[in-house]
Amino acid sequence: AKLRIAIVGRPNVGKSTLFNRLVGKKLALVDDTPGVTRDRREGDGHLGDLNFTVFDTAGFEDAVDDSIEGRMRRQTERAIKEADVALFLIDARAGITPLDMEFARLLRKSATPIVLCANKAEGREGTMGAHGAWELGLGEPVALSAEHGEGMLDLFETIIDRL
Ligand code: GDP
Ligand code: MG
């Protein structure tokens, strides 16, 4: 069966932008409004000679009730469970937020291998910001720019490593 990759993380870190880059099409809606991708989308993508199906998920909000946030959280948990590897995105420019830390706590317990990705890492500001992701306890962050297509070789090599 084809490798399954889930993209997870709080709203606005660039999940849909990375999804679009990996599938090479604009299948997911990219928006400045946090949490705009409420439904799950999937598409076929590749990095080098690695072929996979990738899932874009909504973000994860701090809520456990039946709100939109609660549903987004459950959807994310399901996506991780179904995936062979999950890409956990943070925003290198915004720095680590409490929601990122909560997400990291959940992901550290997950049986699915996690690749921590510091997105929006283009430029000097981004490179410095990416370093802060070490504190999440998920190993070395892969510095990415989904928007500019930077870090894709590192991402490929790290995914291969974790499998
Ligand atoms: P999602 O909510 O996690 O799916 O995030 P989106 O993909 O919708 O992106 C949220 C915002 O971040 C949009 O304005 C994107 O253009 C922007 N963005 C995504 N990737 C990058 C990146 O690599 N660098 C920068 N500077 N902005 C990015
Ligand atoms: Mg999205």
Side-chain angles (χ1 to χ4, degrees), residues 4-47 52-63 67-80 82-83 85-107 110 112 114-134 136 138 140-159:
R4 297 161 69 82
I5 299 180
I7 304 176
V8 300
R10 67 173 177 81
N12 217 36
V13 291
K15 296 181 299 298
S16 297
T17 305
L18 179 61
F19 173 88
N20 286 337
R21 179 158 295 279
L22 292 174
V23 303
K25 286 183 212 130
K26 301 234 163 185
L27 294 180
L29 181 61
V30 174
D31 199 282
D32 290 326
T33 314
V36 95
T37 314
R38 296 251 158 76
D39 54 334
R40 199 170 66 162
R41 289 166 191 271
E42 67 175 81
D44 290 332
H46 70 97
L47 277 169
F52 48 77
T53 300
V54 59
F55 302 89
D56 184 21
T57 66
F60 167 100
E61 305 268 4
D62 185 14
S67 61
I68 286 170
E69 289 77 15
R71 290 200 298 276
M72 289 198 300
R73 176 183 182 149
R74 284 195 295 280
Q75 179 207 57
T76 300
E77 288 173 332
R78 194 171 61 228
I80 294 164
E82 289 173 2
V85 59
L87 310 182
F88 171 34
L89 265 62
I90 61 106
D91 179 335
R93 275 157 207 278
I96 303 303
T97 71
L99 208 49
D100 292 326
M101 289 167 70
E102 192 177 328
F103 216 155
R105 210 174 304 130
L106 190 105
L107 295 175
S110 147
T112 303
I114 307 295
V115 175
L116 173 61
C117 301
N119 188 39
K120 312 194 188 182
E122 73 275 4
R124 195 164 168 277
E125 196 190 337
T127 308
M128 283 166 50
H131 203 72
W134 271 105
L136 291 170
L138 285 159
E140 183 175 3
V142 179
L144 289 186
S145 173
E147 196 156 275
H148 299 276
E150 295 171 13
M152 295 299 138
L153 182 60
D154 265 5
L155 178 61
F156 166 71
E157 287 174 345
T158 309
I159 291 171

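Counting starts at 1 for both ligands and their atoms, following the listed order. Note that this is a predicted model, so its numbers are computed, not measured. Heavy atoms only: backbone and side chains are in, while hydrogens, waters and symmetry mates are out.
Put simply, the side chain of Asp100 gets close to the backbone of Thr97: a donor and an acceptor are under 3.5 Å apart. Side-chain atoms of Thr57 come within 3.5 Å of backbone N or O of Ile7 as a donor-acceptor pair. Between the side chain of Asn119 and the backbone N or O of Ala146, at least one donor-acceptor pair lies under 3.5 Å. Lys15 places no side-chain N or O within donor-acceptor distance of the main-chain N or O of Leu89, the cut-off being under 3.5 Å.
For ligand 1, none of its N or O atoms has an N or O atom of Pro11 under 3.5 Å away. At under 3.5 Å, not a single nitrogen or oxygen of Asp56, backbone or side chain, sits near a nitrogen or oxygen of ligand 1. Residue Ala121 places no N or O, backbone or side chain, under 3.5 Å from any N or O of ligand 1. Considering backbone and side-chain N/O of Ala146, one or more are found under 3.5 Å from N/O of ligand 1.
When distances to the Mg ion (ligand 2) are checked against a cut-off of 2.8 Å, Ser16 contributes an N, O or S atom below that limit.
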Side chain to side chain contact (heavy atoms under 4.5 Å, CB included) evaluation trace for Leu136 with Met101: CA-CA 6 Å; Leu136 291 170; Met101 289 167 70; 3.9 Å; yes
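Heavy atoms of Leu89 found under 4.0 angstrom from ligand 1: none, in either backbone or side chain.
By heavy-atom distance, the residue among His148, Arg21, Lys120 lying nearest atom 27 (N) of ligand 1 is Lys120.
Ligand-side atoms of ligand 1 in range of Ser145: 22 (C), 23 (O), range being under 4.0 angstrom from any heavy atom. Proximity to Lys15 (heavy-atom distance under 4.0 Å) selects the following atoms of ligand 1: 1 (P), 2 (O), 3 (O), 4 (O), 5 (O), 7 (O).
Residues satisfying the salt bridge (charged side-chain N to carboxylate O under 4.0 Å, His left out) test with Arg21, not counting sequence neighbours, are none.
At a threshold of 4.0 Å, the pair Lys120-Glu147 does not count as salt-bridged, since none of the basic side-chain nitrogens sits closer than that to a carboxylate oxygen.
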